[in-house]
Amino acid sequence: MNLKFAFPLLAMVLLFLAPSFHTTSSDYYLDDFKPIITSGIKNFSTEAENLNTVATAYTNGKATLPQLRQQLTKTRYAYKAIETVLEYYYPKHCKAYLNGAPLKHLDPYPVKEEYKNNTYYVVTPQEYSKNIPLDQLDTEHYRGDQHVIDPVGLQTLDELISADETADAKKEIQQLTQKLVDAVPAIIIAVNQRNYFYDFEIIEAARLEVIRIFSMGVTGFDTPGSLNALPEAIAALQGIESIINPLVQKAPQDQAKQLKILFSNAKAYLKKNNNFNGFDRLTFLTNYINPIYKLLGEIQQTLKLPSTAERWVNIPSWNAESTNIFSGNFLNPYYYSLLTKEKDSDSLRQLGKKLFYDVSLSQNGAMSCASCHKPELAFTDGQKTSMASVDGKRVLRNSPTLINAVFSDRYFYDLRATDLEEQAEHVIANHLEFNTSFESIEQKLNTNPAYKKLFTDLFKVKNISRHQFSAALSSYIISLRSFNSEFDKFVQGKTKTLSPQVREGFNLFTGKAACATCHYAPMFSGLVPPLYQENESEVLGVFTNATDRVIDTDPGRMASKIPEDKEEIYRSSFKTVTVRNAKLTAPYFHNGGYNTLEEVLDFYNTGGAAGVGYAYEVPNQTLAPDALGLTKKEIAAIIAFIASLTDSPYK
């Protein structure tokens with residue numbers, strides 16, 4: 001064989017056959033899964049092709065808009081029925097081509113121009129990508145310069161086809177449906193190449209889908225135009241039932257019966273209470289979502305199926321041992337840090353706390369971490385932007401809370417740090433903050449007898465390094481986590497009552513007000529469900545303050561110096577921070593320009609800058625510009641819910 005063909009051809013062969021190379025005990029897989037999965041994907045493929053046919057007819061004036069909408073609904077139901085598997089095994093492919101958010105984004109597979117029609121290799125990049133899901137694709141071999149592309153997939157179609165006027169979008173709709181059809185064969189090929197599906201993966205996929213139904217389904221995230229979220233949740237639940245049926249048949253009869261009842265009652269509840277704005281999501285969470293999530297975990301334990309983390313020996317972000325989506329151990333803090341659980345300890349945490357409050361580590365000997373992160377204010381400082389170490393100066397942005405801050409894939413408002421340790425380095429080097437270096441801090445620690453003994457006892461080293469310093473500080477930050485608020489206790493079943501206003505506020509937050517489509521449960525931040533491994537940022541169109549109509553000019557993520565973030569779509573894009581403990585963390589937004597939660601809610605209620613006539617000034621606003629129509633009573637209820645998330649136990 002000519003060697004110029006070897007790389008892409010070998011890569012394709014290896015990827016197609018990879019599942020066949022696994023060896024495992026028969027206790028860990030069932031052949032019964034594959035027929036169910038292939039049937040579900042075939043049905044989705046058929047409905048996608050039908051959608052393309054109707055869209056083509058609609059473009060040519062041979063089909064009506066109601067017919068197009070009806071077929072889109074059928075296609076989306078078919079996707080939801082198999083979403084459990086698709087989102088678990090092929091999440092990148094789903095996000096890129098099948099059901100990603102309707103926003104401009106970086107091309108996940110940018111190809112050099114000279115390769116696009118080049119037959120130097122056995123296949124062109126286009127043919128290569130059509131046969132392999134993005135998750136398994138070697139995206140580096142043909143890689144060209146990064147560039148921004150328009151969104152594709154079911155969410156984009158839902159937004160376009162649900163619009164009041166679609167005449168100008170006919171051609172775009174037809175093209176999008178064709179792209180949807182083109183994206184399915186790679187999934188079909190990948191599934192057909194598998195010999196079997198692991199049973200422990202399937203049951204975890206089911207539990208993750210339960211999380212997704214609540215955090216991204218019934219909130220309306222997946223249905224930005226139609227808000228057909230509740231019927232789609234029924235389709236997703238039916239899909240879970242179908243896929244896990246071979247496992248349920250192996251479970252004890254009482255567990256199988258209980259699960260069947262829960263699924264049946266959940267679907268009945270969704271069918272009966274089918275008004276999107278009026279849907280009681282809190283009841284759905286406590287009576288159906290959490291019980292199903294818990295019972296699936298119990299069945300996994302009964303059948304003695306390991307978690308994927310145990311089986312593949314990795315550090316998970318999501319904890320398979322958790323029994324409640326709002327439990328304190330739902331996420332694993334050590335996934336987000338270089339510090340491992342085995343190396344953490346109470347002694348290390350106490351050392352980190354000592355470092356956190358030590359002003360001598362800064363260049364001027366007057367600033368500590370606690371200068372900008374005060375425990376009584378949920379580790380913020382109550383300032384518009386924090387005071388700098390230089391007299392009369394302030395730092396660029398508002399001080400965010402450190403409670404549960406560990407649960408982040410990237411840190412700072414502009415997402416410029418990728419872990420806690422790197423985050424500390426930025427503060428240390430900033431001339432307006434610590435204005436020093438790790439080398440200087442190392443010297444101070446190594447010449448301090450008290451610190452020398454503490455570090456020597458813990459690490460058994462002669463000289464203190466930046467790595468030990470960072471480990472201690474990270475240990476303390478990791479300890480600043482809490483899921484013990486009034487609302488958490490209710491959802492966890494520790495308390496039985498919750499005020500009607502808080503209940504209403506939660507249902508508005510996760511429904512009509514669309515807050516939870518960016519502030520995802522249970523973190524109520526931009527950490528994306530169901531695996532919580534990626535942070536989102538948003539372009540909101542924030543003004544310099546709540547009263548003046550002056551657009552804030554901070555470039556945000558675009559200026560983070562991360563190469564992938566230099567694009568115009570990230571101008572004025574900022575990390576979606578948590579609303580937990582927001583009662584204590586005023587003023588708000590990255591610039592601290594909004595003094596009260598009422599001002600913040602008014603801003604969202606009118607659709608950000610674009611919603612009040614500044615679309616030209618903020619062309620890439622990701623916040624929907626449509627007015628929410630929230631009343632003062634509803635805004636008060638949302639604020640009451642946010643207040644119920646207050647649980648800062650640190651003084």
Side-chain angles (χ1 to χ4, degrees), residues 3-22 41 85-156 175-176 178-194 312 314 317 409-410 415 418 528 531 533-537 557-558 560-570 573:
L3 289 179
K4 69 181 181 181
F5 298 148
F7 179 82
L9 183 60
L10 178 60
M12 290 175 68
V13 171
L14 289 175
L15 287 169
F16 284 165
L17 299 181
S20 303
F21 298 153
H22 293 157
I41 294 175
V85 168
L86 296 183
E87 288 281 354
Y88 184 83
Y89 288 103
Y90 313 107
K92 292 181 181 178
H93 197 86
C94 291
K95 180 180 178 181
Y97 307 125
L98 301 181
N99 196 37
L103 298 171
K104 290 180 180 291
H105 57 277
L106 293 180
D107 188 344
Y109 188 45
V111 176
K112 288 183 179 178
E113 286 297 324
E114 59 263 35
Y115 286 138
K116 288 187 176 179
N117 298 306
N118 198 318
T119 57
Y120 180 77
Y121 294 103
V122 174
V123 295
T124 64
Q126 289 81 0
E127 292 169 330
Y128 181 39
S129 64
K130 283 184 178 180
N131 292 305
I132 303 177
L134 183 62
D135 305 77
Q136 300 173 348
L137 190 66
D138 175 13
T139 58
E140 296 302 315
H141 186 65
Y142 298 108
R143 178 172 287 275
D145 295 334
Q146 71 177 34
H147 59 274
V148 174
I149 59 174
D150 291 326
V152 298
L154 290 168
Q155 285 194 43
T156 304
Q175 291 173 339
L176 285 170
Q178 183 60 58
K179 289 179 179 180
L180 181 67
V181 170
D182 292 342
V184 178
I187 298 291
I188 295 174
I189 292 170
V191 168
N192 286 340
Q193 291 294 328
R194 294 186 69 99
W312 307 128
N314 58 32
S317 53
D409 172 51
R410 292 169 65 177
L415 301 177
T418 56
V528 182
L531 285 174
Q533 295 178 350
E534 175 190 6
N535 270 110
E536 286 187 341
S537 65
R557 185 174 173 179
M558 185 184 182
S560 69
K561 297 184 180 179
I562 303 294
E564 292 79 10
D565 292 352
K566 67 180 182 180
E567 304 293 342
E568 191 65 30
I569 58 171
Y570 295 127
S573 185

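Just the heavy atoms: all of them, side chains too, but no hydrogens, waters or symmetry mates, feed the values below.
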Exercise: do His93 and Asp135 side chains pair donor with acceptor under 3.5 Å: no
For Tyr570, all residues meeting ring-ring contact (aromatic ring centres under 6.0 Å, His included), sequence neighbours excluded: none
Partners passing ring-ring contact (aromatic ring centres under 6.0 Å, His included) against Tyr89 (at least two apart in sequence or in another chain): Phe197
Can you find a pair of side-chain heavy atoms, one from [X] and one from [Y], that are under 4.5 Å apart?
{"X": "Val148", "Y": "Leu106", "value": "yes"}
{"X": "Asp565", "Y": "Arg410", "value": "yes"}
{"X": "Tyr109", "Y": "Ile149", "value": "no"}

Residues in side chain to side chain donor-acceptor pair (under 3.5 Å) contact with Lys104, at least two apart in sequence or another chain: Asp150
Pairwise distance [atom1]([X]) to [atom2]([Y]) - rounded to 0.5 angstrom:
{"X": "Ile188", "Y": "Asn131", "atom1": "CD1", "atom2": "CG", "result": "11.5 Å"}
{"X": "Leu180", "Y": "Leu98", "atom1": "CG", "atom2": "CG", "result": "6.0 Å"}
{"X": "Asp138", "Y": "Arg143", "atom1": "CG", "atom2": "CZ", "result": "9.5 Å"}
{"X": "Ile569", "Y": "Leu103", "atom1": "CD1", "atom2": "CG", "result": "8.5 Å"}
{"X": "Asp409", "Y": "Leu531", "atom1": "CG", "atom2": "CG", "result": "12.0 Å"}
{"X": "Gln136", "Y": "Lys92", "atom1": "CD", "atom2": "NZ", "result": "11.0 Å"}

Under 3.5 Å donor-acceptor, Ser573 side chain and Arg557 backbone: no
Derivation of the side-chain contact (heavy atoms from CB on, under 4.5 Å) call for Ile562 and Leu415: CA-CA 9 Å; Ile562 303 294; Leu415 301 177; over 6 Å; no
Check ion pair Glu127-Lys130 (N to O, under 4.0 angstrom): no
Aromatic ring pairing Tyr142/Tyr128, orientation class (parallel under 30°, perpendicular over 60°, tilted between): perpendicular
Determine the minimum heavy-atom distance between [X] and [Y], stating which atoms define it.
{"X": "Leu137", "Y": "Ile132", "result": "N-CG2, 3.8 Å"}
{"X": "Pro102", "Y": "Gln155", "result": "CD-OE1, 3.3 Å"}
{"X": "Gln146", "Y": "Pro563", "result": "NE2-O, 3.2 Å"}
{"X": "Pro110", "Y": "Asp145", "result": "CB-O, 3.6 Å"}
{"X": "His105", "Y": "Pro151", "result": "CE1-CA, 3.7 Å"}

Matching residue for Leu86 among Pro91, Cys94, Pro133 - test: side chain to side chain contact (heavy atoms under 4.5 Å, CB included): Cys94
